[in-house]
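Read the numbers this way: they start at 1 and go in the same order the structure lists the ligands and their atoms. All values derive from a computational prediction rather than experimental measurement.
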Amino acid sequence: MEIRVIQASPDKRKRKPTDESKLGFGKIFSDHFFTMSYHAGRGWHDPLIEPYRPLQLDPTAMCLHYAQEIFEGMKAYRGKGGDIFLFRPLENIRRMNVSAERLCMPQLDEALFMEALKKLILIDKEWIPRGSGTSLYIRPTMIASESALGVHPANEYLFFIIVGPVGAYYPEGFGPTKIFVTEEYCRSVPGGTGYCKAGGNYAASLYAGEIAKKLGYTQVLWLDAIERKYVEEVGTSNMFFVIGDELITAPLTGTILPGVTRDSVIRLAKSWGVKVAERRLSMDEIMSAIASGILKEAFASGTAAIVSPVGQLSYRGKEYPISEGKTGNLTERLYNEILQIQYGQKDDPFGWRIKITD
Ligand SMILES: *Cc1c(COP(=O)(O)O)cnc(C)c1O
């Protein structure tokens, strides 16, 4: 399928932000977006890059009622010489298809998805910011667009990709966060959709997040839904602990999101000779590791921040500092390494970086 392009007329183009220190996250989007429609029996059709605009949906559009919606989150980075890079984009594309399957939504062709990404980024390349740590955030989304009430998989879908400049996550350097362990609420259950980037998961996580914020914490640390004992994720990031000489993260058993950053952290750490374990880690084990002084570092991983150090845990009404509230050595090394690979400042031994050219 040929991707058609309709350029935004010059007078409709938005003014680009001039102060890259004030970009923030998710507020500014570029001049164009990619759209493609699906109808049962016909498949995907009319791939199009067109001027950014509001969507037109009937009030009965099924995504609005039954949350048949999935998305992805990735970034394009601008290197020093002006080169444009993506970081492991095929992982995001494949993960979106995994989410699609679980939500009874149609599969996307990997090559067409990649072509759409590249084409859109190139058309709006002037929107990729240049400041250190800034990037172009990419949000592929699929919604059930059929107008019909009644719970069943829709017969019509819309896939779109929007892009917009985002600021550096740490404009003033690393700030360790305080996280709140909740035993009352859970994000995901075995057999559920925890491994999918499906909108419904995030709606269901808001309540516990607000409680944590009111108490002065940045994020919720989610435990497993059955025993409320084992660490799963933190907010919308994967979670890592360094206990003794071991880097530990939850295994991929269907209740956590298989982060691209998580996988990159694991592979890098292993390549440095760090012992890495993907295993269940209980709060009891964390508490005794803190008590005996062998819990050295804790951090969250995700596309937004790469890694985000955790400086304090709140569990059962008590506060526990981690690495004296500072950023751990491994945390910082992982951050710098991944950042430099993403921005083309370092060798890319794993072949993670993809350069985008006309
Ligand atoms: C997106 C996401 C992550 C991180 O995934 P990355 O691919 O590393 O960005 C982790 N947990 C949840 C719940 C997420 O939505």
With a 4.0 Å cut-off on heavy atoms, is R95 touching ligand 1? yes
Identity and distance of the protein heavy atom lying nearest atom 15 (O) of ligand 1: Y202 OH, 2.4 Å
If I apply the N/O under 3.5 Å rule, does V260 come out as touching ligand 1? yes
Identify the closest protein heavy atom to atom 8 (O) of ligand 1: which residue and atom is it, and at what distance? T261 OG1, 2.6 Å
Please determine whether side chain to side chain donor-acceptor pair (under 3.5 Å) holds for the pair S37 and D46, giving the CA-CA distance in whole Å, both sets of side-chain angles, and the decisive distance to 0.1 Å. CA-CA 6 Å; S37 304; D46 292 309; 5.8 Å; no
Tell me: protein heavy atom nearest atom 3 (C) of ligand 1, and distance? T236 O, 3.3 Å
For atom 11 (N) of ligand 1, the closest protein heavy atom turns out to be E233 OE1, 2.5 Å
Applying the ring-ring contact (aromatic ring centres under 6.0 Å, His included) criterion to Y343, which one of F85, F87, Y77 satisfies it? Y77
Of the protein's non-hydrogen atoms, which lies at the shortest distance from atom 5 (O) of ligand 1, and what is that distance? G259 CA, 3.4 Å
Would you call the rings of F113 and F159 parallel, tilted or perpendicular if under 30° counts as parallel and over 60° as perpendicular? perpendicular
Shortest protein heavy-atom distance from atom 2 (C) of ligand 1, along with the residue and atom involved: K197 NZ, 2.6 Å
What residue and heavy atom of the protein are closest to atom 9 (O) of ligand 1, and at what distance? T303 OG1, 2.6 Å
Let's go through R130 and E20 carefully: what are the C-alpha distance in whole Å and the side-chain angles of both, what is the deciding distance for salt bridge (charged side-chain N to carboxylate O under 4.0 Å, His left out) to 0.1 Å, and is it a yes or a no? CA-CA 8 Å; R130 288 161 196 278; E20 290 190 351; 6.0 Å; no
If we only consider heavy atoms of S237, is any one of them less than 4.0 Å away from an atom in ligand 1? yes
Any Q68 side-chain heavy atom under 4.5 Å of Y157 side chain: yes
Answer with yes or no whether E91 contacts ligand 1, where contact means a heavy atom under 4.0 Å from a ligand atom. no
Closer than 3.5 angstrom, by distance alone: can the side chain of H65 be matched with the main-chain N or O of P59 as a donor-acceptor pair? yes
Show which atoms of ligand 1 fall inside a sub-4.0 Å distance from at least one heavy-atom site of R187. 13 (C)
State whether the number of non-hydrogen atoms from other residues, nucleotides or ligands found under 6.0 Å of E227 atom CD is greater than 12. yes
Does R13 come within less than 4.0 Å of E126, counting only side-chain N to carboxylate O? no
